[in-house]
2 protein chains.
Amino acid sequence: MRTQRWASDLGPLRLLVAVGEHGSITEAARLEGVSQPAASKQIAALERAMSLPLLRRAPSGSTLTAEGEVVASWAGRVLATVEQMRGAVESMRVHADPDLVVAASMTVAEHLAPAWLSTLRATRPDVHVGLRVTNSHDVQELVVRGEVDLGFVETATLDPRVESRRLMRDRLAVVVAPTHAWAARRRSLGAEDLARTPLIVREHGSGTRDTLDRVLRANPADPLLVLGSNEAVKGAVKAGVGAAVLSVLAVGEDVRRGQLVEVAVDGLDLHRPISAVWRRGQRLGDASRTLLRTAASGSPA
Amino acid sequence: MRTQRWASDLGPLRLLVAVGEHGSITEAARLEGVSQPAASKQIAALERAMSLPLLRRAPSGSTLTAEGEVVASWAGRVLATVEQMRGAVESMRVHADPDLVVAASMTVAEHLAPAWLSTLRATRPDVHVGLRVTNSHDVQELVVRGEVDLGFVETATLDPRVESRRLMRDRLAVVVAPTHAWAARRRSLGAEDLARTPLIVREHGSGTRDTLDRVLRANPADPLLVLGSNEAVKGAVKAGVGAAVLSVLAVGEDVRRGQLVEVAVDGLDLHRPISAVWRRGQRLGDASRTLLRTAASGSPA
DNA sequence: ATGCCGTCATAATCTACGGTTATGAGGACG
DNA sequence: CGTCCTCATAACCGTAGATTATGACGGCAT
């Protein structure tokens, strides 16, 4: 009984939103580049798998049912996310001749850069951007050595050989699963509560871990679990293993969805700046300036 | 040249995040219920398709590369969205014996209800909720007739036979593609600008269309295009066909991603309330009250 | 050292899913 | 009433992806 097969192939979802947009299976099939019977069968299979009527079929065309609209809306979100991912992948792939090379720390590369680059691509389709991903320190190193035009870092400690522009403030948040005892708390957590609780953390060297250790300099408790990626940490938290401290950029979505709960904490400043950096004295090119402007206006969160 | 085949099957993405979480292809394969060679091949295929090294393989296990982490992060988001969709589908499917039946108008069902129900499911896994989707008027009708326990509507005109609780304020926004002339505007739009511009709109009877017509009662211009779903409208806007007026709930994500641009408008109140309604005098059950509380605290946007 | 445990990759095989073309049924419309 | 569009069904076929079996490689104990 492979877990809900309908959720694993995007073809039918593409078809469904296309039908919603054009009111016809035949037309949708044409758009997606498959034959009409194939499209018909895919959507029928989707309906069968979901046990929901998605389309109102008629010889004059097909329209979405109420359920169909809801599903199509979600499908649209899924596809948009995939599209974003496509963009991120595209920019990480070494391009033949990028007009602009930028380096970004993990958090920025994961959560911010794709949106910036997508905007840039929409307004300036001619500019090819290459993206390199490393930690905040190495980003600055690359900038200083002139290997990249622009860097994005999430640290407060800037190399004197770079100029910088502050873009926004990131914030770390304490998160737990909705079933965790802390989720029901009404009082804020104290700094000492946090320091004495074993947490799920990233490995040493990660920007998030370093920030956490710096803030909690009063000897933090031994980690409950050390994991190699933010995704892994989030997974463990959702599974109810324990609490973690992560960037709001990483958990915002999950908190909004109610899959994670943020716990307020008193007496600690968990903010950190996100900045663009470039080599001191370096005159920024046209493309760089456009990207910088995009990033600065992008999300003044 | 079927468009980028790697983006169409979620299996490999599932595998990738599982590897990130457990540091081993073998373990990930076990978790996903496939054989180890299958997993190995799927991920290898993914890397080939993306032209990116995602894993650092060793006889002691596998860890994500920097690129792998970025991709895994996006994959996580994609999968989370799919999971949400699964939840929405699950609640729309007629259940054997739902403990609680709610009705929601389109906007709520599309954008709010899944998050509420997901939260509810996390804290009260025993409660089965049935969800019916119709327009705001019919929702109230169902509530009055006692066919549903609770309703959610996005309209200001409430039936006198229901009690209600205001949950949040929705807002309509004028949106255009980033390439549209209005996207570069620095001055706000005037009400008369909007009234005289042909827009892409929903069909009559849709809550969004009705709200728009009510606000723009000074005879609005003939529609540029009439489409049957919010997704269709968004698609047309992104394609650069023209401007549209849609709920921020529907376009928020796209605006944040830079795929759509909101244009400020002066002299018009585009807000509308979102409320929970139930039959006057009806004593709410335990499950209803929990859901109501969840909805109220969910997103006080 | 050496043998055992784990990891991952490759090879050979087979099934079944999803694609295609061809055709038929049904309403809309001149 | 015939034509033209819609969508569904049927028969056929190719291939992607699964499986089992096996081999190479490194870590770690004895």
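Only this structure's heavy atoms are used, side chains among them; waters, hydrogens and symmetry mates stay out. Here is how names work: the chains are called A, B, and so on, in the same order as the sequence lines, proteins then strands, and each is numbered from 1.
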Chemist: I need the minimum non-hydrogen distance between A:S91 and A:G87, along with the two atoms involved.
Modeler: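 Shortest heavy-atom contact: OG-O, 2.7 Å.
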
Chemist: Grab the two heavy atoms, one from B:V139 and one from B:S105, that are nearest each other, plus how far apart they are.
Modeler: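 Scanning both residues completely, I find the closest heavy atoms to be CG2-N, 3.8 Å.
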
Chemist: Among A:V19, A:L15, A:L16, find the residue that satisfies the side-chain contact (heavy atoms from CB on, under 4.5 Å) test when tested with A:I25.
Modeler: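 The single option meeting the side-chain contact (heavy atoms from CB on, under 4.5 Å) with A:I25 is A:V19.
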
Chemist: Within residues 57-72 of chain B, which residues have any heavy atom lying less than 4.0 Å from an atom of DNA chain D?
Modeler: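 B:P59 - these, ordered by number, are the residues of the stretch whose heavy atoms sit under 4.0 Å from the strand.
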
Chemist: Just how far, in rounded Å, is P of C:dG18 from CG of A:D9?
Modeler: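 These atoms are roughly 7 Å apart.
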
Chemist: How many whole angstroms separate atom CG of B:L15 from atom C1' of C:dC8?
Modeler: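 Nearest whole value for this atom pair: 13 Å.
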
Chemist: Under the side-chain contact (heavy atoms from CB on, under 4.5 Å) rule, collect the residues that match up with B:A75, sequence neighbours excluded.
Modeler: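 B:A75: side-chain contact (heavy atoms from CB on, under 4.5 Å) contacts with B:L13, B:V17.
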
Chemist: Grab the N/O contacts between the protein and nucleotides 20-24 of chain C below 3.5 Å, and write none if there aren't any.
Modeler:
unit_1: C:dT20; atom_1: OP2; unit_2: A:S35; atom_2: N; d: 2.9
unit_1: C:dT20; atom_1: OP2; unit_2: A:S35; atom_2: OG; d: 2.8

Chemist: To the nearest angstrom, how far is B:Q42 atom CD from D:dA16 atom P?
Modeler: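 Roughly 14 Å, once rounded to whole Å.
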
Chemist: To the nearest Å, give me how far apart CD (B:E27) and P (C:dC5) are.
Modeler: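 Interatomic distance, CD of B:E27 to P of C:dC5: 19 Å.
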
Chemist: To the nearest Å, how far apart are A:R48 CZ and C:dG18 C1'?
Modeler: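 Checked: the CZ to C1' distance equals 13 Å.
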
Chemist: Please report, rounded to the nearest Å, how far the P atom of C:dC8 is from the CD1 atom of B:I43.
Modeler: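 My rounded result for the distance is 9 Å.
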
Chemist: Counting heavy atoms from C-beta on, name the nucleotide in C:dG19, D:dA18, D:dT6 closest to the side chain of A:T26.
Modeler: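 Nearest listed nucleotide: D:dT6.
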
Chemist: Considering only side-chain heavy atoms of B:I25, which listed nucleotide, C:dA9, D:dG17, C:dT7, is closest?
Modeler: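 Closest of the options to the side chain of B:I25: C:dA9.
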
